[in-house]
There are 2 protein chains.
Amino acid sequence: MRLVIAKCSVDYAGRLQAHLPLATRLLVVKADGSVLVHSDSLSYKPLNWMSPPCTLQSSEPDDEQREAGIVETWRVTHTKTADTLVVSIYEILHDSDHELGIDPGLQKDGVEAHLQKLLAEQIEVLGEGHRLIRREYMTAIGPVDILATDAAGASVAVEIKRRGDIDGVEQLTRYLELMNRDPRLAPVAGVFAAQEIKPQARTLAEDRGIRCVVLDYDAMRGIDDSHTRLF
Amino acid sequence: MRLVIAKCSVDYAGRLQAHLPLATRLLVVKADGSVLVHSDSLSYKPLNWMSPPCTLQSSEPDDEQREAGIVETWRVTHTKTADTLVVSIYEILHDSDHELGIDPGLQKDGVEAHLQKLLAEQIEVLGEGHRLIRREYMTAIGPVDILATDAAGASVAVEIKRRGDIDGVEQLTRYLELMNRDPRLAPVAGVFAAQEIKPQARTLAEDRGIRCVVLDYDAMRGIDDSHTRLF
DNA sequence: TGATACATGTCGGAA
DNA sequence: TTCCGACGTGTATCA
């Protein structure tokens with residue numbers, strides 16, 4: 001990984017066109033060839049970047065560029081899409097290289113997939129007598145997170161979100177509409193399950209006869225024997 | 001901006017929990033206090049980060065940590081949400097500080113707005129005899145991208161997307177529902193226009209009687225005389 | 001390979 | 001402040 005602090009201007013042409021006026025910025029060149037351009041604020045997202053696979057070609061300035069004060073030009077080109085990032089360097093204030101090695105990678109806990117797994121294992125959270133039919137039940141317009149049956153044996157379609165927003169209710173509504181046309185499943189009741197359900201989403205769901213269930217992630221994780229706590 | 005190359009492990013607890021095992025990584029501390037943790041591959045997105053506003057608190061290791069080889073601990077806490085990022089540093093390989101100043105910011109020239117302008121100018125792309133009424137036609141729930149009339153003089157509402165997703169169909173459906181209640185406009189036909197339309201979105205649109213039109217951005221841009229190519 | 005949904009999405013604008 | 005839509009969204013999963 002190469003770290004460069006430089007006065008530079010940047011031009012990008014690809015899915016859009018963008019220009020960064022002359023200023024001092026951090027340039028990061030990663031081992032895979034990708035390049036990031038960061039300012040000193042606005043976290044997380046670079047001002048500009050090039051994703052791998054790409055190639056960096058450095059070149060000396062021509063007379064006109066030298067006249068303008070440019071000491072070096074980087075042309076970063078995406079291998080497949082031909083997107084191009086051009087960094088015009090006016091002054092290099094820092095330049096260092098570092099061996100980092102490969103990263104073991106991030107371990108996540110608490111995303112939707114995990115919620116779905118936990119709820120499938122603890123389907124009785126939805127009520128006495130509920131039984132799991134299957135996760136990711138396929139329909140023509142996409143997979144329903146969980147299909148189950150209630151104590152009476154009637155179908156229940158469950159949409160799981162980390163944060164229960166109005167979009168999720170719309171999504172479940174589409175599934176329900178479709179599934180209720182299937183005589184093998186109909187009638188299908190809907191359950192909207194989330195760690196947190198926004199008031200608007202709850203109102204819309206209940207207006208459509210969809211039951212809302214707030215999931216206690218920590219409690220469900222606590223019950224899950226197979227889970228090893230990270231902390 | 002402070003740049004640190006360090007052997008470290010990282011733990012995040014907030015909207016989810018995540019853990020990074022011991023490895024050598026780049027730590028960036030920006031002027032606004034935000035922290036990025038980057039590996040040497042996977043561009044653009046850090047492995048872990050903390051967005052501003054947040055505070056970084058550095059501390060000496062306790063005996064147990066020192067035993068484990070930790071020489072310093074960073075605790076980065078979000079000011080509002082109490083999300084926490086803990087960086088356990090085992091060895092610092094590089095540490096430098098740089099004054100960057102404020103960045104003049106990115107100038108963008110997007111595709112989305114341009115698509116709308118082009119289609120307004122070339123409204124006949126929708127079919128013979130179509131005429132533009134206006135762009136950004138205002139309704140009670142927001143502006144419709146384009147309102148036009150077809151050869152028979154009937155109203156046509158157009159929703160434009162770069163990528164035609166199911167959300168766009170929902171959006172257009174809401175507009176159509178509202179506009180069809182307006183006797184001066186009704187009946188209003190719907191057109192879903194995008195550079196690329198996803199199969200799911202097409203299915204839903206056609207099920208609702210909405211016509212799908214795939215826009216050829218390059219061809220439309222080629223026809224547009226007013227466009228000056230930047231490259 | 002292509003399509004689809006998730007994301008600590010982030011970010012910006014308007015009500 | 002919340003809501004809503006765009007993003008050079010990126011990325012993993014699954015057919």
Side-chain angles (χ1 to χ4, degrees), chain A residues 11-18 34 37 42-52 54 78 81-85 105-106 108-116 135-136 138-145 159-163 165-168 170-171 175 195 198-201, chain B residues 10-19 34-37 42-52 54 76 78 80-85 105-106 108-113 115-116 136 138 140-143 145 159-168 170-172 174 194 196-203:
Chain A
D11 287 280
Y12 164 79
R15 272 173 281 193
L16 61 67
Q17 291 158 2
S34 56
V37 181
L42 297 168
S43 105
Y44 174 24
K45 199 176 174 175
L47 290 167
N48 234 320
W49 71 94
M50 185 59 70
S51 308
C54 62
H78 196 274
T81 63
D83 287 21
T84 303
L85 187 73
L106 187 63
K108 287 185 184 182
D109 177 21
V111 291
E112 187 193 303
H114 200 196
L115 267 182
Q116 186 189 116
R135 290 167 59 184
E136 302 287 346
M138 206 56 200
T139 74
I141 55 169
V144 176
D145 288 338
E159 177 64 36
I160 301 172
K161 293 286 178 209
R162 200 167 50 71
R163 294 170 58 183
D165 225 326
I166 215 161
D167 284 0
E170 296 287 10
Q171 191 179 342
Y175 289 135
Q195 278 186 272
K198 295 287 180 70
Q200 276 198 348
Chain B
V10 183
D11 288 280
Y12 165 78
R15 275 175 279 192
L16 60 62
Q17 291 167 354
H19 174 71
S34 57
V35 177
L36 315 186
V37 180
L42 298 168
S43 106
Y44 175 44
K45 194 177 177 174
L47 290 166
N48 234 320
W49 70 93
M50 185 59 69
S51 306
C54 61
V76 190
H78 196 276
K80 292 189 163 184
T81 63
D83 287 21
T84 303
L85 187 72
L106 187 64
K108 282 186 184 181
D109 175 19
V111 173
E112 171 82 20
L115 260 184
Q116 188 191 115
E136 302 285 347
M138 207 56 201
I141 55 170
D145 289 337
E159 177 66 35
I160 302 172
K161 297 282 179 212
R162 199 172 58 70
R163 293 167 51 183
D165 224 327
I166 213 158
D167 286 357
E170 296 286 13
Q171 193 178 339
L172 178 55
R174 289 195 295 273
E196 176 200 354
I197 295 179
K198 297 290 181 66
Q200 274 199 350
R202 178 180 291 275
T203 303

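Note on naming: letters A, B, ... go to the chains in the order of the sequence lines (proteins, then strands), and numbering restarts at 1 for each one.
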Colleague: If you assign A/Gly142 and B/Trp49 each to the DNA chain C nucleotide with the nearest heavy atom, which residue ends up on the more 5' nucleotide?
Modeller: A/Gly142
Colleague: Between C/dT8 and C/dT4, how far apart are the two P atoms, rounded to whole Å?
Modeller: 22 Å
Colleague: Between the base of C/dT8 and the side chain of B/Tyr12, is there a donor and acceptor pair under 3.5 angstrom?
Modeller: yes
Colleague: Mind checking A/Thr81 for me? I need base, sugar-phosphate or nothing, with any heavy atom below 4.0 Å counting as a touch.
Modeller: nothing
Colleague: Identify, between A/Asp83 and B/Lys45, the residue whose nearest nucleotide on DNA chain D lies closer to the 5' end.
Modeller: A/Asp83
Colleague: How far does the C1' atom of D/dT9 sit from the matching atom of D/dG5, given to the nearest Å?
Modeller: 13 Å
Colleague: Separation of A/Lys108 atom NZ from C/dT8 atom P, in whole Å?
Modeller: 3 Å
Colleague: Under 4.0 Å between any heavy atoms, over every strand shown, what does B/Asn48 touch: base, sugar-phosphate, or nothing? Just pick one.
Modeller: base
Colleague: Please determine if a side-chain N or O atom of B/Arg174 lies less than 4.0 Å away from the OP1 or OP2 oxygen of D/dG5.
Modeller: yes
Colleague: If I take atom CD in residue B/Gln17 and atom P in nucleotide C/dA7, what distance separates them, rounded to the nearest angstrom?
Modeller: 15 Å
Colleague: With a cut-off of less than 4.0 Å, is there a side-chain N or O of A/Arg15 near OP1 or OP2 of D/dA6?
Modeller: no
Colleague: So, is B/Lys80 near the phosphate of D/dT1, with a side-chain N or O under 4.0 Å from OP1 or OP2?
Modeller: yes
Colleague: Heavy atoms under 4.0 Å, any strand shown: does A/Ile141 hit a base, just sugar-phosphate, or nothing?
Modeller: sugar-phosphate
Colleague: Considering only the P atoms, how many Å lie between D/dC4 and D/dG8, rounded to the nearest integer?
Modeller: 22 Å
Colleague: Between C/dC11 atom C1' and A/Leu16 atom CG, what is the distance in whole Å?
Modeller: 14 Å
Colleague: With a non-hydrogen cut-off below 4.0 angstrom, is A/Glu136 in contact with a base, only sugar-phosphate, or nothing?
Modeller: nothing
Colleague: Counting only N and O atoms by type, is there a donor-acceptor contact under 3.5 Å from the side chain of B/Ser51 to the main-chain atoms of B/Trp49?
Modeller: no
Colleague: Where each residue is assigned the nucleotide of DNA chain D containing its nearest heavy atom, which of B/Leu106 and A/Pro199 is assigned the position nearer the 5′ end?
Modeller: A/Pro199
